[in-house]
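In what follows, residues are counted from 1 in the order of the sequence shown.
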Amino acid sequence: SCASKKSDEPAGERSHRMGRVSGQILGFLIDPFASFGFMRIALVACFALALANGPIGTLLLMRRESLDGNVLSHAVMPGAALGFLYAGYSLAALTIGGLLTGLAVAALAALSAGSRWQRQDSSLIAFYLVSLSFGVLIVAARSSQADLMHVLFGTVLAVDVKALLLIASISSATMLVVAALYRPLAVESFDPAFLRAVGGGGGVFRAIFITLVVLNLVASFQAFGTLLAIGPMLLPAAAARCWTNKVWPMIVLATVFGMAAALAGLLISYYANLPSGPVIVISAGVIYGMSLLAAGRTWLKPKSLRKKR
């Protein structure tokens, strides 16, 4: 009996130790969100963005228009800067201004794509540089350095309930539109000529998709600023593309990766006292790098080598 009692004590100690460790891990994950309301709002906002960025980022990559998305993310800045000068940190002014200039640049890019004098990528780079420079000039001319940093990089932890409702509304509308128009949006991503040939109104669906991209960049701008808004949209989708070529599994993976990056980024920024937005984007980049390594792929290889694999 003494021997059995001695053998039972280490097992009990191990069980107690494991329970204590699991409690510490659970506390590490939950305490920041249980203790502070702004952390909960930031987490819900990032999750809502991930739900919309999953399908939009995936379709954007399938169209090979990541550069277009980057340009549109910076096209939001001049309008947001004008809205900021007019009404300060007014949610309505920032949103309407960013939406108008984003759609305007998208229309100009579509017109320039049909020009025989300029390649599309050259026009997009020109729009990218002009939009970014114009927005910085507007904010720097009338505002402080802190205001400029807020417009450029955003403040995830400063998202309030009104901004959260805007993000959630745009995310919900995006998912509804994608669910209703998924087939033509997907076909237009792979073969727009076929959609036009069968009378599917390819131009209309492209306009709808670009509008969704701009809307989600405006929503992401509220948390990540103009420079980082495109990161949560493209990086999780790029990571998901390392694992599958099927669109729906890619969308699901991109959404999960976006949520994981948001959770990890918020926790790291909280405990390390770092800015949340950049840490979330870096976390998404780490997931992308790990996906490349784990999937055994690298997009730097020539296509002929990938086909041999």
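Rounding to the nearest 0.5 Å gives a distance of 4.0 Å between SG of C242 and CG of L292. Between the OH atom of Y270 and the OG atom of S276 there is a distance of 11.5 Å, given to the nearest 0.5 Å. The CG atom of L212 sits 11.5 Å away from the CG atom of L60 when rounded to the nearest 0.5 Å. Here the CG-CD1 distance, from N216 to I170, works out to 6.5 Å after rounding to the nearest 0.5 Å. Between I96 atom CD1 and L100 atom CG the span is 7.0 Å, to the nearest 0.5 Å. Rounding to the nearest 0.5 Å places CG of L185 at 7.0 Å from CD1 of I208.
With hydrogens and angles disregarded, a donor-acceptor distance shorter than 3.5 Å links the side chain of S283 to the backbone of V279. With S35 contributing its side chain and P32 its backbone, the two residues share no donor-acceptor pair below 3.5 Å. In this structure, the side chain of S172 engages the main chain of A168 through a donor-acceptor pair within 3.5 Å. When atom types are taken as modelled, the side chain of T101 and the backbone of G98 share a donor-acceptor pair closer than 3.5 angstrom. No donor-acceptor distance shorter than 3.5 angstrom exists from the side chain of T155 to the backbone of L157, with no hydrogens or angles considered. Judged by distance alone, with hydrogens and angles left aside, the side-chain atoms of T244 form no donor-acceptor pair with the main-chain N or O of A240 at under 3.5 Å.
Under a hydrophobic clustering in which Ile, Leu, Val, Met, Phe, Trp and Tyr are joined whenever their side-chain heavy atoms come within less than 4.5 Å, directly or via other members, L263 and V156 fall into the same cluster. Linking Ile, Leu, Val, Met, Phe, Trp and Tyr whenever their side-chain heavy atoms come within less than 4.5 Å puts F38 and Y271 in one cluster. Hydrophobic cluster membership is shared by W248 and M62, with clusters built from Ile, Leu, Val, Met, Phe, Trp and Tyr side chains linked at under 4.5 angstrom. Hydrophobic clustering, with ILVMFWY side chains joined whenever heavy atoms are under 4.5 angstrom apart, groups I210 together with V177. Follow the hydrophobic side-chain contacts under 4.5 Å out from M290 and you reach I282 in the same cluster.
Closest approach of V281 to P232, counting heavy atoms only: CG2-CD, 4.2 Å. Residues A80 and L94 approach most closely at O-CD2, 3.2 Å, considering heavy atoms. The minimum heavy-atom distance between A260 and I287, with the atom names listed, is CB-CD1, 4.2 Å. Summarising the geometry of M233 relative to V213, their closest heavy-atom pair is CE-O, 4.2 Å, with the distance given to 0.1 Å. Closest heavy-atom contact between G285 and L235: N-CD1, 3.8 Å. Listed here is the closest heavy atom pair of A254 and T58: CB-OG1, 3.9 Å.
Side-chain contact check for V178 versus I56: some heavy-atom pair is nearer than 4.5 Å. Residues P236 and Y288 are not in side-chain contact: their nearest non-hydrogen atoms beyond the backbone lie 4.5 Å or more apart. Within the 4.5 Å cutoff, no side-chain heavy atoms of F224 are placed close to those of I230.
The side-chain contact (heavy atoms from CB on, under 4.5 Å) with T95 is formed by just one residue from the set L166, V76, L215; it is L166.
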Worksheet item: Between F221 and L217, is a side chain to side chain contact (heavy atoms under 4.5 Å, CB included) present by the stated rule, with each step listed?
Response: CA-CA 6 Å; F221 162 77; L217 287 172; over 6 Å; no

Output side-chain donor-acceptor pairs under 3.5 Å for residues 39-53, partner residues at least two apart or in another chain, one line each.
residue, atom, partner, partner atom, Å
R40, NH1, F33, O, 2.8
R40, NH1, A34, O, 3.3
N53, ND2, L49, O, 3.2

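Under the 6.0 Å distance and 45° angle rule, R63 counts as a cation-pi partner of F209.
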